[in-house]
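What you are looking at is a predicted structure, and each value in this text was computed from that prediction instead of being measured.
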Amino acid sequence: MTLDGKIAASSGHASWISSKVSRSRVFEMRGRSDAVVVGGNTVRRDNPKLTARHGGGHMPMRIVMSQTLDLPEEANLWDVSEASTIVATQRGARRSFQKFLASKGVEVVEFDILNPRDVMEYFHDCGYLSVLWECGGTLAASAISAGVIHKVFAFVAPKIIGGKYAPSPVGELGMVEMSQALDLIDVCYEQVGPDMLISGFLQPIPDVTPVIPSVEETYAIDQTVTPYESKIISFYKTWDLYGAFSNFSPHPIQMPDDNGGYVSWSSVEHYYQAQKFVGVNDPLASDCVARIKSAKSPEEAARLGRSMQRQRPDLVRSDWESAKINVMYKAVKCKFSIYPHLNSMLLSTAGSVLVEASPHDFFWGGGRDGEGLNYLGRLLMQLRSEFLGLQTPGKE
């Protein structure tokens, strides 16, 4: 954007606000992302390619959000020879245009109600864990309001364009006082060519109240937490500031097997889901373990494990309910033991209560309205205490 906060002139012309050096940096960011999201206005106005032209070999999935599918038939995003494109739309929108996109090799995904949160939940379950939103102000405001934007990168060019009706990076958020403004934390400033890059984490907009364990319960497992000065650190999705605490974070681990060796697992969640069926004398259980192990993402591993557990409870090991906490603890301990930066991040939270803030998980997470048991947060606090040498005597 320009120094006066515009992303285009009043006419809509936007080439180029930021410098070539800044644009190259954006290409690099795309190359590190699983997917890039834009809205229909960006497709119509800019006709972008959204490729990582100078960012290496990886090409992110290109996602277009359009409620009405009022999109041009000729667009660079419909050329899938370099990178794939998915269009997310409202159910029933322009069936004829959906067929046209399909003929071009573009996938169309319909939602009952198209909104950023449902779109992100869907693509998160598909394994897209790092998603870059390069949309205009209207969709950016909607995504921020939905709480799905976790880090902001603002390239500010030393230019002034003016214009009462010139568009800005973020549309209407419904705020009327400066006290309502959203603050960034862990802010960094970097000069990129003639431009300034300002980045920072957007503090989450909570839609649930996380569970807060009692002082006595928390102190019993972690003596760094004091009754008067402790704060709550929530984590949930892997893209959050503390998202690496999640069992879904893409950190491979090596766990011992029955033969005295070690087996590599793509994530803690892969290992955890597979252990439900380990040791069961049935070829289907062994096949399920193999499929979970080879799952492309932790989300896919979770779907496989949970669906098999529901459909064939007879294949789940008989001691699973009593063993699952220990299984998770061993896997989490392995992760935080072999990755120094994760260990440092965990230790940096000493004195804080850790809460896995999933509203859907009442056992490992906080559940809705803070009524979950938050066992993952408890295990992490116990592990933190162990690493700090503060473990309560006689406690494992």
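Aromatic ring pairs are classed by plane angle as parallel below 30°, tilted from 30° to 60° and perpendicular above 60°; the pair Phe248 and His124 is tilted. Note on ring orientation: taking the six-membered ring where Trp is involved, the planes of Tyr339 and His341 are perpendicular (angle over 60°, cut-offs 30° and 60°).
Donor-acceptor pairing under 3.5 Å is lacking for the side chains of Ser11 and His13. Side chain to side chain, Ser249 and Lys335 meet the donor-acceptor criterion of an N or O pair below 3.5 Å. Side chains of Thr349 and Arg384: a donor on one and an acceptor on the other come within 3.5 Å. A donor-acceptor pair shorter than 3.5 Å can be found between the side chains of Glu269 and Gln273.
Taking a 6.0 Å sphere around OH of Tyr262, one finds it holds 12 or fewer heavy atoms contributed by other residues, nucleotides or ligands.
For Asp4 and Lys6, the salt-bridge test fails: no basic side-chain N is under 4.0 Å from an acidic carboxylate O. Salt-bridge formation is not detected for the pair Glu356/Arg378: no Lys NZ or Arg NE/NH1/NH2 atom is positioned less than 4.0 Å from an Asp or Glu carboxylate oxygen.
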Contacts under 3.5 angstrom, residues 285-295 side chains, donor-acceptor by atom type, not counting sequence neighbours:
residue, atom, partner, partner atom, Å
Asp287, OD2, Arg291, NE, 3.2
Lys293, NZ, Ser264, O, 2.9
Ser294, OG, Ala290, O, 3.1
Ser294, OG, Arg291, O, 3.2

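The salt bridge (charged side-chain N to carboxylate O under 4.0 Å, His left out) contacts involving residues 72-86 comprise nothing, where partners must be two or more places apart or lie in separate chains.
In this structure, Phe153 has no ring pair (Phe, Tyr, Trp, His ring centres under 6.0 Å) partners at least two apart in sequence or on a different chain.
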